[in-house]
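Being a predicted model, the structure only gives us computed values, none of them experimental.
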Amino acid sequence: MGLLSQLATLPLAPVRGVAWVMERAVEAAENEYYDPEPVERELAELERALLAGDISEETFDRREDELLDRLDEIRAHAQGTDI
């Protein structure tokens, strides 16, 4: 029965291959989206810009809040919880 089912579903092999590739692409995109390193780098750069006088305190506060919210989202995802 195994050979017959494999022969019967052989035309679906390309579909299964495309589905597998799409799953890997989604997985890679999620890994990149939920990586905290770029957000932490941006926080450090933001602080450098504030100390250098390149941005105002208000701009710093607004952007810092956004980045910290993003880090909370990443940490919640890593713990398997929703915000």
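Rounding to the nearest 0.5 Å places CZ of R70 at 6.5 Å from OH of Y34. Residue R63 holds its CZ atom at 10.5 Å from CG of L68, rounded to the nearest 0.5 Å. Between atom CD of residue E57 and atom CD of residue E64 there is a gap of 9.0 Å, rounded to the nearest 0.5 Å.
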Enumerate donor-acceptor pairs with a distance under 3.5 Å from any side-chain N or O in residues 46-53 to protein atoms, sequence neighbours excluded.
residue, atom, partner, partner atom, Å
R48, NE, E45, OE1, 3.2
R48, NH2, E45, OE1, 3.2

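Residue E32 qualifies as open at atom CD: its count of foreign heavy atoms under 6.0 Å is 12 or below.
For residues 48-67, no residue pair satisfies the ring pair (Phe, Tyr, Trp, His ring centres under 6.0 Å) rule, not counting sequence neighbours.
Judged as a side-chain contact (heavy atoms from CB on, under 4.5 Å), and not counting sequence neighbours, the contacts of R62 are T59, E66.
Scanning all heavy atoms of the two residues, the minimum distance from L71 to L43 falls at CD1-CD1, 3.6 Å.
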